[in-house]
Amino acid sequence: GIQVEQSPPDLILQEGANSTLRCNFSDSVNNLQWFHQNPWGQLINLFYIPSGTKQNGRLSATTVATERYSLLYISSSQTTDSGVYFCAVERWAGNTPLVFGKGTRLSVIA
Amino acid sequence: AAGVIQSPRHLIKEKRETATLKCYPIPRHDTVYWYQQGPGQDPQFLISFYEKMQSDKGSIPDRFSAQQFSDYHSELNMSSLELGDSALYFCASSLLLRPRLTGKDEKLFFGSGTQLSVL
């Protein structure tokens, strides 16, 4: 099956700092989504971004489908950004469910 | 806006007991997914339904079964529970078919999950 690798696995930031999270995938995809799992376990959908660039407030994401990677940018980080960020993809061929990466655990300290 | 509703929020069971988890998808969403997330792990796909028919199956044990009803709610039934079944169980829904034809956004929306503890 498709492989999804996220880096870094762990990240500690001072409040106000910027960060870039990366997601590499092993096959062509027709669906890529970024999720934030907060410390209470809730999974929040951040972006649906199979290609191109999107921005939502302090967050933005870019997917370069031809090179099989996606980046999530967090600017001016806040303590509420802490949690685990997951990238999830669906292969191009077939109606298959999303496959998640192992996630990046982000801790933002005041 | 309405979200995916899961119940119960927490569930404690003994080994070999059975458990039933319920999921109410976002209205008008045609696809429901069940995921299992162990401690410190990423969510693992169990099973999905499109328009009340099973559409895909992942790493779901034979002891587990699921169905989607006429009102689109779904239930995950787990029997002969084992300690290793302790996990956070998520239900998610999306609007699958039409966005694939029109290129619209097809985000997957998750419920708050059911934390199952098997003692």
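Below, read A as the first sequence line, B as the second, and so on, with proteins coming before strands; counting in each chain starts at 1. Everything quoted here is computed from the prediction, not taken from an experiment.
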Heavy-atom closest pair (Leu43(A) atom, Pro43(B) atom, distance to 0.1 Å) is CD1-CG, 4.1 Å
Rounding to 0.5 Å, atoms CG (Leu11(A)) and OG (Ser82(A)) come to a distance of 10.0 Å
- [ ] Please answer whether the main-chain N or O of Ser117(B) pairs with a side-chain N or O of Lys13(B) as donor and acceptor at a distance below 3.5 Å.
- [x] no
Practice prompt. Could you tell me if the ring centre of Phe49(B) sits under 6.0 Å from that of Tyr72(B)?
Written response: no
Exactly one of Val4(B), Leu108(B), Asp30(B) clears side chain to side chain contact (heavy atoms under 4.5 Å, CB included) with Ser93(B), and that residue is Val4(B)
Cut-off 4.5 Å, heavy atoms of chain A, and the answer for Gln37(B) is side chain
Is it true that, when you exclude Asp62(B) itself, more than 12 heavy atoms of the residues, nucleotides or ligands shown sit nearer than 6.0 Å to its CG? no
When the 4.5 angstrom heavy-atom criterion is applied to Leu32(A) and chain B, the contacting part is neither
Phe25(A) and Ser70(A) have their tightest heavy-atom pair at CE2-N, 4.1 Å
All heavy atoms of Leu13(A) vs all of Ala17(A), minimum pair found to be CD2-CB, 4.3 Å
Derivation of the side-chain contact (heavy atoms from CB on, under 4.5 Å) call for Ile74(A) and Arg58(A): CA-CA 6 Å; Ile74(A) 304 175; Arg58(A) 296 181 296 104; 4.1 Å; yes
Under a 4.5 Å heavy-atom criterion, the part of residues 98-108 of chain A in contact with chain B comprises Leu98(A), Phe100(A), Gly101(A), Lys102(A)
For residues 73-90 of chain B against chain A, heavy atoms under 4.5 Å, the residues are Leu88(B), Phe90(B)
Donor-acceptor contact below 3.5 Å, side chain Gln6(A) vs main chain Tyr85(A)
yes
